[in-house]
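Contents: one structure, followed by commentary.
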Amino acid sequence: MSMDELKTDITRQTENSPRELLTRTFFFLCAALSIVTTISIVVLLVTEAAKFFTLTAPLMGVTGQTASIVDFLTGTTWEINSGEFGVLTLVSATVMITLGSAVIALPLGVATAIYLSEYASTRARSVLKPALEILAGVPTVVYGFFALIYITPALSVIFPSIGTFNMLSASIVVGIMIIPMVASISEDAMSAVPDDLRQAGYGMGATKFDVATGVVVPAALSGIFSSFILALSRAIGETMAVTIAAGSRAQFLNPLNPASFLEGSLPMTAAMVQLLLGDITGGGLAYRSLFAIGLVLFVITLIMNVISDFVAQRYREEY
Amino acid sequence: MATNTETGEIEDFGQVSRTVGTVFRYLLLAATMFGIVMLAILLLYVANDAIRPLTADLGWHLTFFVGLVLPTLLVGWTVYRRDRAALSFGALLVGTLVVSLMFSGGVALLAIDVIPPLVAFAYAVGLVVPTAATVGLTRYAHRISFTTRLIATTMVFYLALFGLPGPIGDPVGAPSLVPSLVEFVLTRPVIPVDRVMVATVIGGISAAAVGSYVAGVRDWTIGLYAAIAAFLASTAAGYVGPFVGLNPVPAVVVTAVAFVPTVAYAWRGAFTEGGSPLGLAFAATVVGGALVGAVAVDALGFAGPQSWVDWQFLTSSHSGTAENAGLYPAIGGSILLMSTVAALSFPLGVGAAVYLEEYAPDNALTRFVDVNISNLAGVPSVVYGLLGLGVFVTYLGRSAGTVLVGGATLALLILPIVIISSREAIRSVPTDLRQASYGMGATRWQTVKNVVLPESFPGILTGTILALGRAIGETAPLIMIGAPNVVFDLPATLGSKVSAMPLQVYAWSSLFASEDFYTKAVPAGVVVLLAVLLAMNSIAIVLRNKFERAG
């Protein structure tokens, strides 16, 4: 038997035997499922949303009621019964939730990350990190109930004019919910800063405070920003807490006016839940508007995720 | 001037103000604690509303303080002074008992109201027989090629589960020639009683698990004895149960799912090498104290707290009045949904992770899948709900709000999380092990099956349980796929309408919004939901700690 024959005999059973092919195909199909999911989401949202707009509906072969795409994107009234679909109303509410939760979560999250990565002892960290994870693990419907039942009455002591449903309490719980996200991603970025930089700082006579704020935070800035964007994208997509706490009456509010936080409105996600709970007939205008909002939501969160990825990659300090 | 400045500098040299640093440090600590303290306060409020400890008699509190809290503290302190490991073992043992009791409640619910014992028994027979045939085929027939073996295995399973010609014959209306094994068992005129069938199925699974656990600690003969003892205990429970006021079927389930594993764990921790019997004393104090307290309170006639989380709440369905409302159909729905989600997302997620870590070539497609998965993890859950609504309900024509549609939607939702955590677990398997396997001439699949998956299994399991914890709290996707707000019965099949715990809580806090529901039913629902989540997460954390210590 020549060496070559021996080799083929030994390697005969590998790589392309039926068993290997079968298992490899199975594993590949599992991985391919994620692409199928993405494609289905995009195709579904785009086709259904296209049936919603007057401009594109004829292309999809839909007759009957449609809505103008310009009115949809620029209108400031959301009333399904009278056929007014101004998504800006919903977007303004979502922007308010996002701003409000950012005010709470971003500073607290970064401070938490600095504490965990620079100050906390190993023992403290092993207690604090799981405790923070709990914040993200509590179901959002529970947060919504907390906001409605406990936080709003507490706030009404300070702001007597606050409504039963208000943006402030919803923003607070969404902010608490996303603190762990900001903290854990920022902390990862800070822990990745090499010790040499810190030692160099101490060698120059810097205090721990100087090193934390002057060396570690600037070096981890790209990670911190990417955590901000991811957390805010989470706040935008957050559904149950805002559905329960923020109310159900859509009204256009000025996000930059602090007084409007005391009123209730209808963020995009809450509007979708409300549409579903109402009487919507399959294929009707309200049903299709659901997908139009979904598309806006999907596009916004996708863009934010991509930006976060880009910032983390592009501006990462390589050591 | 110059000299003055110089002397001034020299006097200050080495003097650094520590005020700023200290203030900063405590500010950071305060910021870290803010969220945790806020949540703790909210949880205290909701627990107080739901359990209402202040409505109990003073005597009730005193009895439990003297019977349970004081001895626990005393024994705990003593054990801690002698042997810290023993205390943590004792605490884990109590935790195991509590969590497994909760779990057995869920299994009992399935055994009583969802899957009739006869059906479970028939399917168990229909699965065990072909599995045994397959194992025999693999073990004694090496000469048969893989393809033949695969075809034979498939046929055996098909015959056992569907008969001949089975579903293949349906489109042409072929009459059933050979009934399946399942049907055969189902149509026997003489069938064993329920408690025996439940003991065979659930007690059998539990006995096999305990047996292999014990065998892993000692050797297989002792493992076999343990398995037999466990099985006998479960069977006996069906006959002893009625004497202590338990129905036979729940008695069997609780014994098989809660007591038997707890006893096995206690044996392992206390009586094997390096064990700590002291921990057993601690666990006995806690459990004994609780029992003594309960008996004493009953005998002395002290009224307990008028908690809204009571047996009535856990076993009845929705009602128009908050006092009579219950969570039973929602608990059952959540259990069924989670089973479906686990059955779908575990194999698919692990499969994708194995492909990406072990098989995937480094090309553009792989990188695209990679980016795609991390983006899918960031897609809002309502959008997944829309996906379920649009694809499963509208296009595939499944009826809205069923277990299958809900489970599939939630499975898609957590799939990216399962994939990401499984990949991490697989990546942490040392490359040396893989190389050693390849060096022995193993193929890629053999390496995956014998080395990579067993090594990474605890990590994969931890990630999957955490992901399931995320799925169990999700409400929005279920609303989107049209799950009903009010369900009065447990879903009987995968195609029936389902509610879930968070959905029921949402329904009570929005659709039935009233002061009554806000202060009674909703807090109780929240407490039950959080208790289930806590149990799941603690399993995951214990697994993770064990895994990290071993690794």
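On a predicted model such as this, the values are computed, not experimentally measured, just so you know. Chain letters run A, B, ... following the sequence lines, proteins first, then strands; residues in each count from 1.
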*Taking all atoms of both residues into account, what is the closest heavy-atom pair of A:Pro139 and B:Leu529, and its distance?*
CG-CD2, 3.8 Å

*asked:* Looking at B:Asn375 and A:Asn305, would you say the former's side chain and the latter's main chain have a donor-acceptor pair under 3.5 Å?
replied: no

*Count the heavy-atom pairs under 4.5 Å between each of B:Ile472, B:Val522, B:Val505, B:Val379 and chain A, then report the option with the highest count.*
B:Val522

*Give, as side chain, backbone, both or neither, the part of A:Thr301 having an atom under 4.5 angstrom from any heavy atom of chain B.*
side chain

*Drop me the distance from A:Ile114's CD1 to B:Phe24's CZ, to the nearest 0.5 angstrom.*
4.5 Å

*When only pairs under 4.5 Å are counted, which of B:Tyr384, B:Tyr518, B:Phe368 shares the most heavy-atom pairs with chain A?*
B:Tyr518

*Working for side chain to side chain contact (heavy atoms under 4.5 Å, CB included), residues A:Val306 and B:Val371*: CA-CA 9 Å; A:Val306 170; B:Val371 172; over 6 Å; no

_Nearest atoms (heavy-atom pairs only) where B:Tyr355 meets A:Ala31_ = CD2-CB, 3.7 Å

*Measuring heavy-atom distances to chain A, does B:Pro416 have an atom under 4.5 Å in its side chain, in its backbone, in both, or in neither?*
neither

*Examine whether an atom of A:Leu29 lies under 4.5 Å from a heavy atom of chain B, and if so say whether it belongs to the side chain, the backbone or both; otherwise answer neither.*
neither

_Which one wins on heavy-atom pair count under 4.5 Å against chain A: B:Ile373, B:Leu29, B:Leu348?_
B:Leu29

*Please state whether the side chain, the backbone, both or neither of A:Ile293 comes within less than 4.5 Å of a heavy atom of chain B.*
neither

_Please evaluate residues A:Leu290 and B:Leu389 with respect to the criterion side chain to side chain contact (heavy atoms under 4.5 Å, CB included), reporting the C-alpha separation (whole Å), side-chain torsions for both, the decisive distance (0.1 Å), and the verdict._
CA-CA 11 Å; A:Leu290 200 59; B:Leu389 174 71; 3.9 Å; yes

*Which region of B:Leu365, side chain (C-beta onward) or backbone (N, CA, C, O), has a non-hydrogen atom less than 4.5 Å from a non-hydrogen atom of chain A, or is it both or neither?*
side chain

_Give me the atom names and distance for the closest heavy-atom approach of A:Gly294 to B:Val383._
O-CG2, 4.3 Å

*Calculate, to the nearest 0.5 Å, the distance between atoms CG and CG belonging to A:Leu45 and B:Leu387 respectively.*
8.0 Å

*A:Tyr119 versus chain B, the contacting section by heavy-atom distance below 4.5 Å*: both

*Side-chain heavy atoms of B:Pro380 within contact of A:Thr239, under 4.5 Å*: no

_Where B:Met38 and A:Ile176 come nearest, the two heavy atoms and their spacing_ = CE-CD1, 3.7 Å

*Would you find more than 12 non-hydrogen atoms of other residues, nucleotides or ligands less than 6.0 Å from A:Tyr202 atom OH?*
yes

_Minimum heavy-atom separation for B:Gly21 and A:Phe209, please, with both atom names._
CA-CB, 4.0 Å

_Heavy-atom cut-off 4.5 Å, strictly under: side chain, backbone, both or neither for A:Leu230 against chain B?_
neither

*Relative to chain A, which of B:Ile479, B:Val526, B:Leu42, B:Leu39 shows the most heavy atom pairs under 4.5 Å?*
B:Leu42

*Atom CZ of A:Phe146 and atom OH of B:Tyr45: how far apart are they, to the nearest 0.5 Å?*
12.0 Å

*Please look at A:Glu133 and chain B and tell me whether the side chain, the backbone, both or neither of the residue comes under 4.5 angstrom of a heavy atom of that chain.*
side chain

*With only heavy atoms counted, which part of A:Thr243 is less than 4.5 Å from chain B, the side chain, the backbone, both or neither?*
side chain

*Measure the spacing between OG1 of B:Thr443 and CZ of A:Arg24 and express it to the nearest 0.5 Å.*
10.5 Å

_Exercise: do A:Tyr287 and B:Thr394 side chains pair donor with acceptor under 3.5 Å_ = yes

*Please work out which of the three classes, parallel, tilted or perpendicular, describes the rings of A:Phe27 and B:Trp445, given edges at 30° and 60°.*
tilted

*Could you check B:Val369, B:Leu415, B:Leu412 and say which one makes a side chain to side chain contact (heavy atoms under 4.5 Å, CB included) with A:Ser34?*
B:Val369

*Hey, could you give me the CE/OH distance between B:Met33 and A:Tyr115, rounded to the nearest 0.5 Å?*
9.0 Å

*Could you tell me which portion of A:Leu148 (side chain, backbone, both or neither) has an atom closer than 4.5 angstrom to a non-hydrogen atom of chain B?*
side chain

*asked:* Let's test your reading of the structure: which of B:Val354, B:Leu530, B:Thr519 forms the most heavy-atom pairs below 4.5 Å with chain A?
replied: B:Val354

*Check whether A:Ile41 gets within reach of chain B through its side chain, its backbone, both or neither, counting any heavy atom under 4.5 Å.*
both

_Taking side chain as everything from C-beta outward and backbone as N, CA, C, O, which of these in A:Phe145 sits under 4.5 Å from a heavy atom of chain B? Side chain, backbone, both or neither._
side chain

_Under 4.5 Å from any heavy atom of chain B - which part of A:Met240_ = side chain

*If you tally heavy-atom pairs under 4.5 Å against chain B, which of A:Val43, A:Val138, A:Val141, A:Leu128 wins?*
A:Val141

Mind listing the side-chain donor-acceptor pairs of residues 105-113 of chain A below 3.5 Å, one per line with the distance, residues two or more places apart or on another chain?
from, atom 1, to, atom 2, distance (Å)
A:Thr112, OG1, A:Leu108, O, 2.6

*Please state whether the side chain, the backbone, both or neither of B:Asp49 comes within less than 4.5 Å of a heavy atom of chain A.*
side chain

_Minimum heavy-atom separation for B:Tyr395 and A:Leu44, please, with both atom names._
CE1-CD1, 3.6 Å

*Working to the nearest 0.5 Å, report the span between CD1 of A:Ile244 and OG1 of B:Thr475.*
7.0 Å

